[in-house]
Amino acid sequence: MDETEFWEIIDHTREAAEGDPEDHADLLVDALLQLDPDSVLDFARHFEARYNRAFHWDLWGAASVLLGGATDDTFDYFRCWLIAQGREVFEGALHDPDHLADLLDDFDDEVDGDGEELGYAADEAYEQLTGVVAPDLGVAAQAPEPAGTPFDVEDETVLAERYPRLWERFGK
């Protein structure tokens with residue numbers, strides 16, 4: 001599976017779910033069940049690589065603005081949700097997290113931002129297809145600390161200054 005196929009599966013299942021992360025996860029599992037186990041592992045590798053790439057202080061700050069705060073776990077689930085928004089949103093957010101203010105039509109912190117189940121979709125599909133737990137993907141482990149320069153992702157003054165467009169649209 002190449003990168004284009006990965007993003008096509010993400011986009012197709014997101015559109016079918018009409019933005020609901022839980023439905024998206026279910027539809028993603030269903031779509032992956034139509035593939036062979038090796039393709040499911042390829043999908044998982046693409047997902048994991050992007051998940052690790054998004055482990056960045058700047059994105060954590062953006063998640064904190066959107067969600068009104070972001071713990072370690074919350075940020076993990078946010079990164080899964082961000083991948084599920086598709087290539088344009090994901091790459092745009094990595095390039096400039098404040099650009100999420102322009103990339104997101106709307107954001108409901110009660111529904112959006114939590115893609116925990118999306119992070120397990122490939123594992124679930126692989127196990128259903130094979131009856132065994134997915135093997136190690138061979139993807140480099142996530143760094144122990146986010147990339148970039150650390151800052152206080154709970155300081156509203158810092159967040160408003162670092163993410164002026166996001167703060168204006170989604171901040172407190």
Counting only heavy atoms not in [X], do more than 12 fall under 6.0 Å of its [atom1]?
| X | atom1 | result |
| --- | --- | --- |
| Glu5 | CD | yes |
| Glu168 | CD | no |
| Glu154 | CD | no |
| Gln128 | CD | yes |

In the structure I gave you, are the side-chain heavy atoms of [X] and [Y] within less than 4.5 Å of one another anywhere?
| X | Y | answer |
| --- | --- | --- |
| Val153 | Phe151 | yes |
| Leu103 | Glu88 | yes |
| Glu161 | Val158 | no |
| Arg53 | Glu91 | yes |
| Arg87 | Glu3 | yes |
| Leu100 | Leu82 | yes |

How are the rings of Trp7 and Phe90 set relative to one another: parallel (under 30°), tilted (30 to 60°) or perpendicular (over 60°)?
tilted
Under a plain distance cut-off of 3.5 Å, with no hydrogens placed, do Arg79 and Gln142 share a side-chain donor-acceptor pair?
yes
Taking 4.0 angstrom as the limit, do Asp96 and Arg165 come out as a salt bridge?
yes
With a 4.0 Å cut-off on N to O distance, would you call Arg162 and Asp58 a salt bridge?
yes
Taking the side chain from Ser64 and the backbone from Trp60, do they hold a donor-acceptor pair closer than 3.5 Å?
no
Using the side-chain contact (heavy atoms from CB on, under 4.5 Å) definition, which of the options Val133, Val132, Leu35 pairs with Tyr126?
Val132
Using the rule given for side-chain contact (heavy atoms from CB on, under 4.5 Å), can you reason through Asp109 versus Leu66, listing the C-alpha separation, both sets of side-chain angles and the distance that settles it, and then say yes or no?
CA-CA 7 Å; Asp109 64 0; Leu66 287 165; over 6 Å; no
Please confirm whether the ring centroid of Trp81 lies under 6.0 Å from the ring centroid of Phe75.
no
State plainly whether one hydrophobic cluster holds both [X] and [Y], where clusters connect Ile, Leu, Val, Met, Phe, Trp and Tyr through side-chain heavy atoms under 4.5 angstrom apart.
| X | Y | result |
| --- | --- | --- |
| Leu59 | Leu104 | yes |
| Ile10 | Leu33 | yes |
| Val65 | Val111 | no |
| Phe47 | Leu94 | yes |
| Tyr77 | Val29 | no |

Going through the distances and angles, do Trp57 and Thr149 end up as a side-chain contact (heavy atoms from CB on, under 4.5 Å)?
CA-CA 7 Å; Trp57 281 107; Thr149 305; 5.9 Å; no
Before giving the answer on side-chain contact (heavy atoms from CB on, under 4.5 Å), spell out for Leu28 and Ile9 the whole-Å C-alpha distance, their side-chain angles and the decisive distance to 0.1 Å.
CA-CA 7 Å; Leu28 186 53; Ile9 292 170; 3.5 Å; yes
Walk me through it: do Ser39 and Asp42 pass the test side chain to side chain donor-acceptor pair (under 3.5 Å)?
CA-CA 5 Å; Ser39 295; Asp42 286 343; 4.9 Å; no
Within 45° of the axis and under 6.0 Å from the centre of the six-membered ring of Phe6, does NZ or CZ of Arg50 qualify?
yes
Check against side-chain contact (heavy atoms from CB on, under 4.5 Å), Asp114 and Phe78
CA-CA 5 Å; Asp114 182 354; Phe78 176 82; over 6 Å; no
